[in-house]
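This is a predicted model, so every value here is computed, not measured. Position 1 is the first residue of the sequence; numbering continues from there.
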Amino acid sequence: MLLRNAKIVTIEDQDSYGLIECGAIAIKDGLIDWVGADEAIPAAYLDGPARDLEGRLITPALIDCHTHVVHGGDRAVEFEMRLKGASYEEVARAGGGIVSTVKATREASIEDLMTSALPRVDALLAEGVSVIEVKSGYGLDRETELNMLRAARKIADHRNVRIKTTFLGAHAVPVEYKDNPDDYIDDVCIPTLKAAHTEGLVDAVDGFCEGIAFNTDQIRRVFDVARALGIPVKLHAEQLSNIGGTKLAAEYGAISVDHIEYATEEDAIAMAKSGSVAVLLPGAFYTLHETQLPPIDAFRKHGVPMAIATDCNPGSSPLASILLTMNMSCTLFRLTPEEALVGATAHAARALGLSDTGRIKVGLRADLAIWNAKHPAELAYRIGFNPLFERIVGGESTAA
C-alpha cells in the first residue's frame, strides 16, 4: 500500500511534529517500508497500488497508556449523589465508591467483563487509538484479578487493537482486609501476581502508592516480586499527596509514574535519571476538582518525557475520549498541542515499553491515523469533535 499526497506527522525524534508537508508512506507486510516527500517516492513503489489522500493529515495512531476499561458496573448514581451534596462517607455507607465496583466486578464472568468493556474500547478506537493498556485492580481477590486480566486479553480477539495488560492488585485494600493491608499484600496480592505471571497475563505491574491505599514499604514488596519475575513496573504516585512513591518508582526503574500532581522537582530529577515517563491524567484531575497541578515545568527542565492517557475508570475518570484528553492536557495542564500529540503517541508507547510504534519511521509498525485536518494542532484544539478519517493498525485499514 502506498499512501501519498498527505501531510505527515512523523514524530521521528519523539519531541516534535516532524512534519512532511506533502509526503507519502509505503507499507509492506504491516510495517512502514518508506516515508518521505511525495515528489521523492522511489520508482519501486510507483507500480503498486496507491491511494491519494487529498492533503489529509497522517499521524501515528494514538495510544492510551493508562486505563481501567475492564470492570463491572458503573457509578453513575454515586456521581448524582455527590452532585446533590452527599459526602464521601455517605456515598460509602450507601454501598458506593470502589466497594461497589469491586462487588460488581467479582459478580461478573470473564465474558461479561470483556463484553462490557467493548463499548469503551470502541470509543477509543473511533478516535484513532491502536494500543490500549488495561489494568486489573477491581477484583482484589485472586480469581477476580485473574479474570480481569483474562478478559482484557480477550478484547484483542474481537477488535483490531493491541492490548497491554497491567497487574494492579495493589490498588486498594478490600473490605475483608481493611485493618490488615500487609496481610492483603502477602496473602492475596503477591500470590496472585505470581499466578498471573505463570499464566502469561502480565505485561507490567502497577500499584497505588497513596495515603488511602498502600505505603512505600508495601509497594516495595510487590515490586521486589515483579523484579524477580522480570516484569517491568509502573506506579500511581503523588496523586493526592507526596509520600515518596515517585522516588520509589524511579529506584526500581519504573517505565512510568502516573498522576504525579504532587511530585516535586527532586522527583522529576529522579525520574529523569531512571528514564521513567510521566503519565499525566487530566480526566481524574477534572473529575475530582483537583487544584494541584503536576510539575510540568520541572519535567520540561529535566527532560522527563510526558505521556497523557484517559485513565478511563468508573469512578474518578469516566473518560473514554483520547482527543478530549489531549484538549484537557492543554487547557488544564498547559501542555502545547505538540506536547499533547507526542504524549499520546511516542511517549505513550515508551510508557508501555513499546519501541515498535508511536512514530512514523521505517521499520516500525504501520499503526497510523488519517484525519480530516490540515494541521496537527487541530486534534487538541477542538472539543467534542472527531476528525478521524481512517485508522490503520499493523497495515490493516479500518474506516472511521
Side-chain angles (χ1 to χ4, degrees), residues 3 6-21 23 25 32 35 53 55-67 124-133 256 258 277-283 294 296 299-300 303-311 319-352 354-361 364-393 400:
L3 306 176
K7 181 174 288 188
I8 302 173
V9 181
T10 64
I11 313 184
E12 189 167 347
D13 65 3
Q14 297 197 37
D15 287 310
S16 64
Y17 289 141
L19 273 174
I20 300 175
E21 288 293 337
I25 300 172
I32 296 169
V35 59
L53 292 183
R56 290 185 174 89
L57 185 74
I58 303 179
T59 70
L62 306 184
I63 296 169
D64 198 347
C65 63
H66 181 133
T67 87
L124 293 170
L125 302 191
E127 293 187 350
V129 169
S130 64
V131 184
I132 302 174
E133 185 256 19
S256 75
D258 303 30
V277 176
V279 177
L280 308 178
L281 304 171
I296 302 299
F299 293 147
R300 288 173 177 148
V304 177
M306 293 181 287
I308 63 171
T310 63
D311 191 19
L319 171 64
S321 170
I322 193 69
L323 292 176
L324 181 54
T325 302
M326 290 172 64
N327 176 270
M328 285 180 165
S329 71
C330 296
T331 56
L332 299 178
F333 293 164
R334 312 308 296 174
L335 265 62
T336 66
E338 189 170 51
E339 288 173 324
L341 182 55
V342 175
T345 52
H347 292 334
R350 183 171 171 179
L352 296 179
L354 296 174
S355 59
D356 63 348
T357 190
R359 293 171 291 150
I360 296 178
K361 183 178 181 181
L364 300 191
R365 283 172 54 96
D367 293 345
L368 309 170
I370 304 173
W371 309 91
N372 288 312
K374 296 180 179 179
H375 192 277
E378 290 184 45
L379 303 183
Y381 154 67
R382 298 190 186 278
I383 302 173
F385 178 76
N386 181 5
L388 186 70
F389 174 73
E390 186 175 337
R391 189 177 70 102
I392 297 175
V393 180

Steps toward side chain to side chain contact (heavy atoms under 4.5 Å, CB included) verdict (Ile392, Ile58): CA-CA 10 Å; Ile392 297 175; Ile58 303 179; over 6 Å; no

Glu12 (side chain) donor-acceptor with Lys361 (main chain) under 3.5 angstrom: no

Closer than 3.5 angstrom, by distance alone: can the side chain of Ser329 be matched with the main-chain N or O of Leu335 as a donor-acceptor pair? no

Does Asp64 use its side chain to pair, donor to acceptor, with the backbone of Ile322 at less than 3.5 Å? no

Please check if the side chain of Glu378 supplies one atom and the backbone of Ala373 the other of a donor-acceptor pair under 3.5 Å. no

Worked check of side chain to side chain donor-acceptor pair (under 3.5 Å) between Arg56 and Asn372: CA-CA 6 Å; Arg56 290 185 174 89; Asn372 288 312; 2.7 Å; yes

Out of curiosity, Leu281 CG to Phe333 CZ, how far, rounded to the nearest 0.5 Å? 7.5 Å

Side-chain donor or acceptor of Glu390 paired with backbone N/O of Ile370 under 3.5 Å: no

First locate atom CH2 of Trp371, then atom CD of Glu127, and finally report the distance between them rounded to the nearest 0.5 Å. 7.0 Å

Above 12 or not: heavy atoms from other molecules or residues under 6.0 Å from CZ of Arg334? no

Salt bridge (Lys or Arg N to Asp or Glu O under 4.0 Å) contacts in which one or both residues fall within residues 364-374, not counting sequence neighbours: Arg365-Asp367

Applying side-chain hydrogen bond (donor to acceptor under 3.5 Å, both in side chains) to Thr67 and not counting sequence neighbours gives none

Rounded to the nearest 0.5 Å, what's the gap from CD on Glu133 to CG on Asp311? Could you check? 9.5 Å

State which residue, out of Ile132, Val279, Val131, fulfils the side chain to side chain contact (heavy atoms under 4.5 Å, CB included) condition with Cys65. Val279

Tell me, do Glu338 and Ser16 make a side-chain contact under 4.5 Å, heavy atoms counted? yes

Starting from the C-alpha separation in whole Å, work towards a yes-or-no answer on side chain to side chain contact (heavy atoms under 4.5 Å, CB included) for Thr345 and Ile63. CA-CA 6 Å; Thr345 52; Ile63 296 169; 5.5 Å; no

Within the side chain of Asn386, is there an N or O that forms a donor-acceptor pair under 3.5 Å with the backbone of Ala126? yes

